[in-house]
> 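Below you will find the structure I want to go over with you.
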Amino acid sequence: IELLVVTVMLGIISLALYSTFSAGAKIWKRTQAMVMEEDLNFFFEHFAQDVSTTFNYTGIAFLGKKDRLKMPGLVQSRALQKRTVGKISYEFDPDTMTLSRGQSDYSQLFRSEEPAVSRSLPRVILCVFSFYAVDAQTGETYWTDEFSPEKNPLPVAVRIDLELNRGESVKKISRTVAIPVS
């Protein structure tokens, strides 16, 4: 009888421990999903601000490829302790599955220093930049995977297509940001 009572008590205690750990794991997964959504929203907010406030600047050209984007913009300079003209870059690294944002102020560009990576978005499976441009001769608009300032200094808009690893699923997101000064 004592052995039966101990076995039942161990079963009840084991069930309580399992339900506690199971509930904790579910809460942890939910909070991790919310953190990922917040990181994604924060990233898109800064991306939209960077792209929409870019401008034509003689020393820094707007260059775009499928997996990277470099443009002039206003950056926070550590050396000058204020916002100043600099280069903002977004690069996708498929090996580490990260999309990174780097920035260099004009003095760092002059000294050929590496850009400071300020933010990165992890768990990115695929990142593709597209550029909405205007043909200066015909006036036709078109989407292209590469943009260089030979024809126009700036595109009309930039689109970013992302595929994110969400654990069991893949989330596809596409955002288009207009460049008003173009």
Side-chain angles (χ1 to χ4, degrees), residues 32 35-136 142-166 171-182:
Q32 289 302 313
V35 166
M36 187 173 177
E37 289 295 323
E38 288 175 4
D39 287 346
L40 187 61
N41 290 335
F42 188 68
F43 173 81
F44 277 127
E45 183 178 318
H46 283 279
F47 177 76
Q49 182 180 6
D50 288 341
V51 172
S52 65
T53 59
T54 192
F55 48 88
N56 188 14
Y57 192 72
T58 306
I60 305 167
F62 188 103
L63 298 170
K65 296 192 180 228
K66 272 183 138 176
D67 61 345
R68 69 182 51 111
L69 170 63
K70 296 179 182 183
M71 63 191 154
L74 293 176
V75 298
Q76 185 67 33
S77 172
R78 291 185 182 149
L80 301 174
Q81 297 295 317
K82 64 179 184 177
R83 288 180 63 88
T84 183
V85 174
K87 179 166 58 172
I88 300 169
S89 61
Y90 287 89
E91 276 194 53
F92 173 60
D93 184 1
D95 296 331
T96 61
M97 294 176 62
T98 56
L99 177 59
S100 300
R101 179 193 183 272
Q103 68 179 28
S104 302
D105 64 26
Y106 203 73
S107 64
Q108 289 174 306
L109 292 172
F110 184 72
R111 292 189 305 263
S112 300
E113 292 180 12
E114 288 292 315
V117 176
S118 58
R119 282 178 216 90
S120 59
L121 187 63
R123 300 162 91 181
V124 178
I125 299 169
L126 179 68
C127 173
V128 177
F129 292 104
S130 302
F131 308 94
Y132 194 59
V134 178
D135 189 332
Y142 58 94
W143 283 101
T144 181
D145 291 338
E146 291 193 18
F147 184 88
S148 59
E150 285 103 32
K151 295 179 182 177
N152 292 324
L154 293 172
V156 176
V158 176
R159 181 176 61 217
I160 182 171
D161 297 309
L162 293 176
E163 288 185 16
L164 301 168
N165 181 357
R166 306 269 295 154
K171 184 174 184 174
K172 294 182 181 184
I173 302 169
S174 181
R175 295 280 164 95
T176 302
V177 180
I179 302 175
V181 297
S182 66

> R68: what forms a salt bridge (Lys or Arg N to Asp or Glu O under 4.0 Å) with it, not counting sequence neighbours?
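Checked R68 against salt bridge (Lys or Arg N to Asp or Glu O under 4.0 Å); matches are E91.
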> Sorted by first residue and then second, give each ring pair (Phe, Tyr, Trp, His ring centres under 6.0 Å) pair with at least one member in residues 79-100; sequence neighbours left out.
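Every ring pair (Phe, Tyr, Trp, His ring centres under 6.0 Å) pair that includes a residue of residues 79-100, provided the two are not neighbours, is F43-Y90, F47-Y90.
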> How close do M71 and V51 get, heavy atom to heavy atom, and via which atoms?
CE-CG2, 3.9 Å
> Side chains of F62 and N152, heavy atoms from C-beta outward: is any pair under 4.5 Å?
no
> For the residue pair D145 and F129, establish whether any side-chain heavy-atom pair is separated by less than 4.5 Å.
no
> Taking all non-hydrogen atoms of both residues into account, name the closest pair between V75 and S104 and its distance.
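Heavy atoms of V75 and S104 come nearest at CG2-O, 4.0 Å.
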> Say whether Q103 and R101, considering side chains only, have a donor N or O and an acceptor N or O under 3.5 Å apart.
yes
> Can you see which heavy atom on L74 is nearest to which on I88, and at what distance?
O-CD1, 4.2 Å
> Please evaluate residues D161 and I173 with respect to the criterion side-chain contact (heavy atoms from CB on, under 4.5 Å), reporting the C-alpha separation (whole Å), side-chain torsions for both, the decisive distance (0.1 Å), and the verdict.
CA-CA 6 Å; D161 297 309; I173 302 169; over 6 Å; no
> Can you tell me how far CZ of R175 sits from CD1 of I160, rounded to the nearest 0.5 angstrom?
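I160 CD1 to R175 CZ: 10.0 Å, rounded to 0.5 Å.
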> Hey, does the side chain of D105 reach the backbone of Q108 with a donor-acceptor pair shorter than 3.5 angstrom?
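Confirmed, D105 side chain pairs with Q108 backbone.
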> Which atom pair, heavy atoms only, marks the closest approach of E146 to K65?
CG-CA, 4.2 Å
> Between the main-chain N or O of P72 and the side-chain N or O of T54, is there a donor-acceptor pair closer than 3.5 Å?
yes
> Any side-chain heavy atom of P155 sitting closer than 4.5 Å to one from Y132?
no
> Check whether more than 12 heavy atoms from other residues, nucleotides or ligands sit under 6.0 Å from atom CD of Q81, and answer yes or no.
yes
> Give the C-alpha distance, both sets of side-chain angles, the deciding distance and a yes or no for side-chain contact (heavy atoms from CB on, under 4.5 Å) between F55 and I179.
CA-CA 8 Å; F55 48 88; I179 302 175; over 6 Å; no
> Could you pull out all residues at least two apart from T96 that satisfy side-chain hydrogen bond (donor to acceptor under 3.5 Å, both in side chains)?
D93, T98
> Would L162 and F44 count as a side-chain contact (heavy atoms from CB on, under 4.5 Å) if you check the C-alpha gap in whole Å, the side-chain angles of each, and the deciding distance to 0.1 Å?
CA-CA 11 Å; L162 293 176; F44 277 127; 3.6 Å; yes
> Under 3.5 Å, is there a donor-acceptor pair between the side chain of N56 and the main chain of L154?
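Here the side-chain-to-backbone pair does not exist.
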> Which pair of heavy atoms, one from L99 and one from C127, lies closest together, and at what distance?
CD1-SG, 3.9 Å
> Show the numbers, then the answer: is there a side-chain contact (heavy atoms from CB on, under 4.5 Å) between W143 and T176?
CA-CA 12 Å; W143 283 101; T176 302; 4.0 Å; yes
> Supply the atom-to-atom distance L121 CG to H46 NE2, rounded to the nearest 0.5 angstrom.
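Rounded to the nearest 0.5 Å, the CG-NE2 separation comes to 12.5 Å.
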> Got a second to check how far L164's CG is from L126's CG, nearest 0.5 Å?
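Answer rounded to 0.5 Å: 10.0 Å.
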> Which heavy-atom pair separates S100 from S120 by the least distance, and what is that distance?
OG-CB, 3.8 Å
> Could you measure the distance from the OH atom of Y142 to the CG atom of D135? Nearest 0.5 Å is fine.
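Going from OH on Y142 over to CG on D135, the span is 5.5 Å.
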